[in-house]
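Everything on this sheet refers to the single structure shown next.
In what follows, chains are A, B, ... by sequence order, proteins preceding strands, each numbered from 1.
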2 protein chains.
Amino acid sequence: MGVTDADNQTVVFKERLKKIYRYSQSHLSEGLCPTGKVLAPTLDRWSMFCLFNLAYYETLRFGELRKKIDGISPRMLAVTLRRLEEHGFVARKAYSEVPPRVEYRLTDFGLELSRRLSDLTEWFLGYFEKLPAFEHFNEKIEK
Amino acid sequence: MGVTDADNQTVVFKERLKKIYRYSQSHLSEGLCPTGKVLAPTLDRWSMFCLFNLAYYETLRFGELRKKIDGISPRMLAVTLRRLEEHGFVARKAYSEVPPRVEYRLTDFGLELSRRLSDLTEWFLGYFEKLPAFEHFNEKIEK
DNA sequence: CGGTATCCGTTGCGATACTG
DNA sequence: CAGTATCGCAACGGATACCG
């Protein structure tokens, strides 16, 4: 009676916000909110390319990744992969061979994250045509 | 026959990855993938606090936000709000009064983004207890 | 093959002081 | 009240060269 689904959704949303907010405030000194702590390592210049390539091909070697990601330097690929590994998104497997062979793949966590990030990306690609801030982006897409 | 829901999901996921990947590569020079382009401005030290406060209280003035976000300087609040406004997440309304009054609220886009970010945060809060990289995080939560 | 080491420019952020 | 101006530091990313 008078209480709509939308109302209930709002209440749930606000409770969630309060919970997250409490966590966030206890971590202010670390420089990032908890969402940032997880997402930031995936939002630099190269991480998403690594994640999505690994999500697509499942297993790739260092050199294969390097070839697939146009313009990345060996240093940045190493840094990016190490960070993704440290955060539990990517698993690294080194074989004791000559020449050396190292394979990378997503963990379950990394795969789930990739799915969720692709959902998010899919959602806001629809906004590019509407929002002024992303106009330049659209122009390039159309080319 | 033999084609499971999981298989179909995987196909859809991979098609989506290809699509996003094409977009991303055409924007390499800009330094961020499209997901990053939208999310990065929300993942610095302060943006999420602004977004979540505005999602919770709906409308807040500059000074109110400043009081609610512990430790933020006027400069960083101004910078953060301006960036959020430029990206279409936040609407700014200035009243011609003395003393001046300015109100901030989320746009529909900003509200939807806040919901999605809170979903994401809710999901991975469940991983903090499992992943080594986030152990230090858990310790603080328990305090 | 799979990385490191080094240097260097840019950006982000904080602190403080000031203003229409 | 709602910001801006200025300064300074520290972290990040890029380019290049080198190594087990």
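With 3.5 Å as the limit, one finds a donor-acceptor pair spanning the side chains of B/Thr4 and B/Asp7. A side-chain donor from one of A/Tyr95 and A/Glu103 sits under 3.5 Å from a side-chain acceptor of the other.
Spacing between atom CD1 of B/Ile69 and atom P of D/dG3 amounts to 13 Å, rounded to whole angstrom units. The NZ atom of B/Lys67 sits 14 Å away from the P atom of D/dG3 (whole-angstrom rounding). Atom CG in A/Asp44 sits roughly 9 Å away from atom C1' in D/dG13 (whole-Å rounding). Remark: P of D/dA2 and CZ of B/Arg66 are 10 Å apart, rounded to the nearest angstrom. Atom pair B/Arg82:CZ and D/dG3:C1' shows a separation of 9 Å (rounding to whole Å applied). Separating the CG atom of B/Leu81 from the C1' atom of D/dG3 is a distance of 11 Å, rounded to the nearest angstrom. To the nearest angstrom, C1' of D/dG13 lies 14 Å from CG of A/Leu77. Protein atom CZ of B/Arg92 is 8 Å distant from nucleotide atom C1' of D/dA2, rounded to whole Å.
Side-chain atoms of A/Ser118 come within 3.5 Å of backbone N or O of A/Arg115 as a donor-acceptor pair.
Taking a cutoff of 4.0 Å between a charged side-chain nitrogen and a carboxylate oxygen, A/Glu112 and A/Arg116 qualify as a salt bridge.
Atom-to-atom distance recorded for A/Thr80:OG1 and A/Ile69:CD1 is 8.0 Å, nearest 0.5 angstrom.
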Which atom pairs, donor and acceptor, lie under 3.5 Å between side-chain atoms of residues 51-62 of chain A and protein residues at least two apart or in another chain?
{"residue": "A/Asn53", "atom": "ND2", "partner": "A/Phe49", "partner atom": "O", "Å": "3.0"}
{"residue": "A/Asn53", "atom": "ND2", "partner": "B/Tyr21", "partner atom": "OH", "Å": "2.7"}

Could you run down nucleotides 15-20 of chain D 5' to 3' and tag each one B, S or - for protein heavy-atom contact under 4.0 Å? B----B
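Mapping heavy-atom proximity under 4.0 Å, the span of DNA chain C touched by chain A runs 5' to 3' from C/dC1 to C/dT6.
Counting only heavy atoms from C-beta outward, the side chains of B/Leu81 and B/Leu65 approach each other to under 4.5 Å. Between A/Ser114 and B/Phe13 there is a side-chain heavy-atom pair separated by less than 4.5 Å. You'll find the side chain of B/Val90 stays beyond 4.5 Å of the side chain of B/Thr107, heavy atoms only.
As judged by a 4.0 angstrom heavy-atom cut-off over every strand, B/Tyr104 is placed among residues touching the sugar-phosphate backbone only.
Taking the side chain of A/Arg83 as heavy atoms from C-beta on, and the options D/dC1, D/dG13, D/dG3, the nearest nucleotide is D/dG13.
Looking at which nucleotide of DNA chain C each of A/Arg101 and B/Val79 is closest to, the 5′-most match is held by A/Arg101.
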